Amino acid sequence: MGRNDRKRRTPMATKAIAASAALAIGGAGLIWAQMNASAHESSSSGQNQTKAAAATVATIACPDVGQQLTNVPQKARQGVATELANLDKQITEAYARLASTRQAQTNDASFVQNAIVGPLKEKRAATIDRIRIDIQRVGGTVNATALAQLAACTTQNATNTTTAGQGGGKNNGGGNNNGGQNNGGQNNGNTAAPSASASAPAANNGGQAGNGPAAADFVDITKVANNVLAKPQNSGQASTGSFTTKCGVNANKNHNTDNVIVAPGVTNGAHHEHDYVGNQKVNAFSTNDSLLAAPSSCQNQSDLSSYYWPVVRVQDGSQEFDANADGGGKEGNVGKILTAQSAQIKYVGSPASKVVAMPQFLRIITGDAKTLTNGLANANAHWSCTGFEDKVQLTEQYPICPQGSNVVRTFAFQSCWDGVNADSANHRTHVAFADPASGVCGNGFKAIPQLTMRLVYKITPPTLQADGTVKNAYAVDGFPEQLHKPSTDHDDFISVTKNNLAAKIANCVNTGKKCQ
């Protein structure tokens, strides 16, 4: 889908990226080029010492510029998005340089700083300054000093990549984990991790492509303490109805690696595959008009909304259609793409008030694809198993389900809207989660029907090996530098309706009806 106008990589960059299958993409991210010794090699061997030396400077962490841009004038947003894509390209090139110069790094401890990190800072500084100019040119204001400080990146060791930005790994009190998901983040440290993961080295990120998932990313759900909290009590003004839209499971395999919300006009802007249901003509070049003219997979043909999420893959050695493509194997997303057994899409009400209809073309991203870099403040990943959903929800680990139980991904989108904007500069500040205790929208925001999704997958349970590896690992697609962590799961939505469907959804929710 979309024009085939992506820029060609240099031969050196393509070779380096394909060799490691673990490159960093995005205005922020960890550039990961781990190089571990084989398990059978002696730790004192010269070959092993050389590999260890090469691995000592294995990552580069760059500030997430896009998330800091909360006040970009509408007229400047396309230009800013283009420059953010340039930051992505610069980090990709820096990774290629890192991956292709390991011997030089071994011979010169200052090589990474002088030849990679320093030049990267200069390129980022110039790009960030163009962002400043784009904003100021149309009358916007920006803290130029603070923006300029985002240019510098830092190096990290491979052993830090499994915890970098995780903030201790149990940030359940803040961000999205409270919003509409019953505090369904990791259970405040009570997860019983399998013993096999304890023996895995910190830098062993595993995975068929070498960039995850690792054994520590999985847990036997039967060994996890209950962590789902009670929902807020309904007030007298609660909106207790629901509206279910049946749009299929993407059995027709409508995939692409674009992201029209974050990177409009940029081919492969997501750098991972998405499943699309609902609107069938979504790509980087979609416009509001083209979305309105597109067909829909939904039974209710007035629902032209786009519902899309990263695919789940089983890393079983299968060569998918994108094995040698951008967003697929070239970027560490490998294995068989799974189609969900079922995909329930339902709009529900607020426990505290009536709701207003969603505005046309409202865009919402829930969760954060870059939690390894950004931390868990915006994480909204929830993994469980059938039969356990009302007891256990996981954010930082994938569940290993017992026999007869299937893997479940659930999402509950932000349910409060600022009443004005269909999107915002960082794609977050125009919507918010309600207070988890009362369900009330704060800051003058209005309650809207809350979009919820439940995706069920039939997956052969992974098994953890004594050496810390995982057999039959599965993982969500993502930016390769994020190591396929479960917390990076996210979901995207563009509200597109006709024939007054948005008002009908709100009315069903407000009157306590169960509609579809």
Side-chain angles (χ1 to χ4, degrees), residues 1-7 25-29 62-93 123-144 146-148 150-151 256-272 274 276 279 281-294 305-306 308 326-327 359-365 368-370 418 420-431 479 490 492-496:
M1 298 172 65
R3 300 198 304 265
N4 184 21
D5 62 355
R6 67 188 69 176
K7 295 184 179 179
I25 306 295
C62 300
D64 191 335
V65 176
Q67 290 302 303
Q68 304 302 315
L69 300 176
T70 60
N71 190 27
V72 179
Q74 188 66 46
K75 291 182 179 179
R77 289 186 184 176
Q78 183 58 60
V80 168
T82 300
E83 296 301 345
L84 291 174
N86 285 334
L87 292 176
D88 295 348
K89 182 175 182 290
Q90 291 159 10
I91 295 180
T92 301
E93 292 172 346
K123 291 179 181 178
R124 284 173 59 87
T127 304
I128 290 170
D129 195 53
R130 290 196 294 273
I131 290 174
R132 174 192 62 79
I133 293 171
D134 283 344
I135 294 172
Q136 293 180 336
R137 181 183 291 131
V138 297
T141 59
V142 63
N143 186 329
L147 194 62
L150 301 177
N256 67 47
T257 65
D258 297 345
N259 192 341
V260 68
I261 296 178
V262 174
V266 179
T267 302
N268 192 37
H271 302 279
H272 52 263
H274 286 126
Y276 287 87
N279 200 292
K281 295 293 184 181
V282 184
N283 58 53
F285 307 98
S286 297
T287 64
N288 291 345
D289 287 342
S290 71
L291 293 173
L292 271 175
S305 297
S306 176
Y308 62 103
D326 289 341
Q360 186 78 310
F361 307 122
L362 177 68
R363 286 155 164 79
I364 309 179
I365 299 172
D368 186 355
K370 299 179 181 179
D418 69 6
V420 178
N421 299 292
D423 198 3
S424 51
N426 66 353
H427 314 294
R428 293 196 184 275
T429 55
H430 65 299
V431 289
F479 294 94
H490 57 284
D492 303 82
F493 166 67
I494 305 174
S495 179
V496 187

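The structure presented is a predicted model; accordingly, all values stated were derived computationally and were not measured.
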- Query: Looking at residues at least two apart in the chain, or sitting in another chain, which of them share a side chain to side chain donor-acceptor pair (under 3.5 Å) with Asp492?
  - Reply: none

- Task: Grab the two heavy atoms, one from Ala284 and one from Ala263, that are nearest each other, plus how far apart they are.
- Result: CB-O, 4.3 Å

- Task: Taking all non-hydrogen atoms of both residues into account, name the closest pair between Asn426 and Gly66 and its distance.
- Result: CB-O, 3.7 Å

- Query: With a 4.5 Å limit on heavy-atom distance, are the side chains of Leu362 and Ile494 in contact?
  - Reply: no

- Item | Pairwise side-chain contact, Phe479 with Lys370, heavy-atom cut-off 4.5 Å (strictly under) | yes

- Partner set under side-chain contact (heavy atoms from CB on, under 4.5 Å) for Ser286, not counting sequence neighbours: Val260, Val282, Asn283, Ser290, Leu291

- Query: Would you say Ser306's side chain and Asn279's backbone share a donor-acceptor pair under 3.5 angstrom?
  - Reply: no

- Check: Gln360 side chain, Asn288 main-chain N or O, donor-acceptor pair, under 3.5 Å: no

- Task: Give a yes-or-no answer on whether the side chains of Tyr308 and Asn259 include a donor-acceptor pair shorter than 3.5 Å.
- Result: yes

- Task: State which residues pass side-chain contact (heavy atoms from CB on, under 4.5 Å) with Ala422; sequence neighbours excluded, sorted by chain then number.
- Result: none

- Could you tell me whether the side chain of His272 and the main chain of Asp258 form a donor-acceptor pair under 3.5 Å? no

- Task: Please list, chain by chain and in numerical order, all residues satisfying side chain to side chain donor-acceptor pair (under 3.5 Å) with Ser495, sequence neighbours excluded.
- Result: none

- Does a donor on one side chain and an acceptor on the other come within less than 3.5 Å for Thr127 and Arg130? yes

- Any Asn86 side-chain heavy atom under 4.5 Å of Glu83 side chain: yes

- Give, for atom NE2 of His490 and atom CG of Asp368, the distance between the pair rounded to the nearest 0.5 Å. 8.5 Å

Give every donor-acceptor pair under 3.5 Å between a side-chain atom in residues 134-144 and any protein atom, sequence neighbours left out.
residue	atom	partner	partner atom	Å
Asp134	OD1	Arg137	NH1	3.2
Gln136	OE1	Arg132	NH1	2.6
Asn143	OD1	Thr145	N	3.2
Asn143	OD1	Ala146	N	3.0

- Query: Considering all heavy atoms of both residues, which atom of Gln78 and which atom of Pro264 are nearest to each other, and what is their separation?
  - Reply: NE2-O, 3.3 Å

- Please tell me if the side chains of Ile261 and Ile365 come closer than 4.5 Å, counting only heavy atoms from C-beta onward. yes

- Query: Got Asp418 and Val431 here, is their nearest side-chain heavy-atom distance under 4.5 Å?
  - Reply: no

Could you go through residues 67-75 and list every donor-acceptor pair under 3.5 Å that involves a side-chain atom there, pairing it with any protein atom two or more places apart or in another chain?
residue	atom	partner	partner atom	Å
Gln67	OE1	Arg428	NE	3.2
Gln74	OE1	Arg77	NH1	3.2

- Query: Does some side-chain heavy atom of Arg124 sit less than 4.5 Å from a side-chain heavy atom of Leu87?
  - Reply: yes

- Message: Test side chain to side chain contact (heavy atoms under 4.5 Å, CB included) on Ile131 and Leu84; report intermediate values, then the result.
- Response: CA-CA 8 Å; Ile131 290 174; Leu84 291 174; 4.0 Å; yes

- Query: What pair of heavy atoms forms the shortest contact from Arg363 to Phe361, and how long is it?
  - Reply: NH1-O, 3.0 Å

- Message: Tell me if a side-chain donor or acceptor on Thr429 pairs with a main-chain N or O of Ala425 at a distance below 3.5 Å.
- Response: no

- Does the side chain of His271 come within less than 4.5 Å of Thr257's, by heavy atoms? no

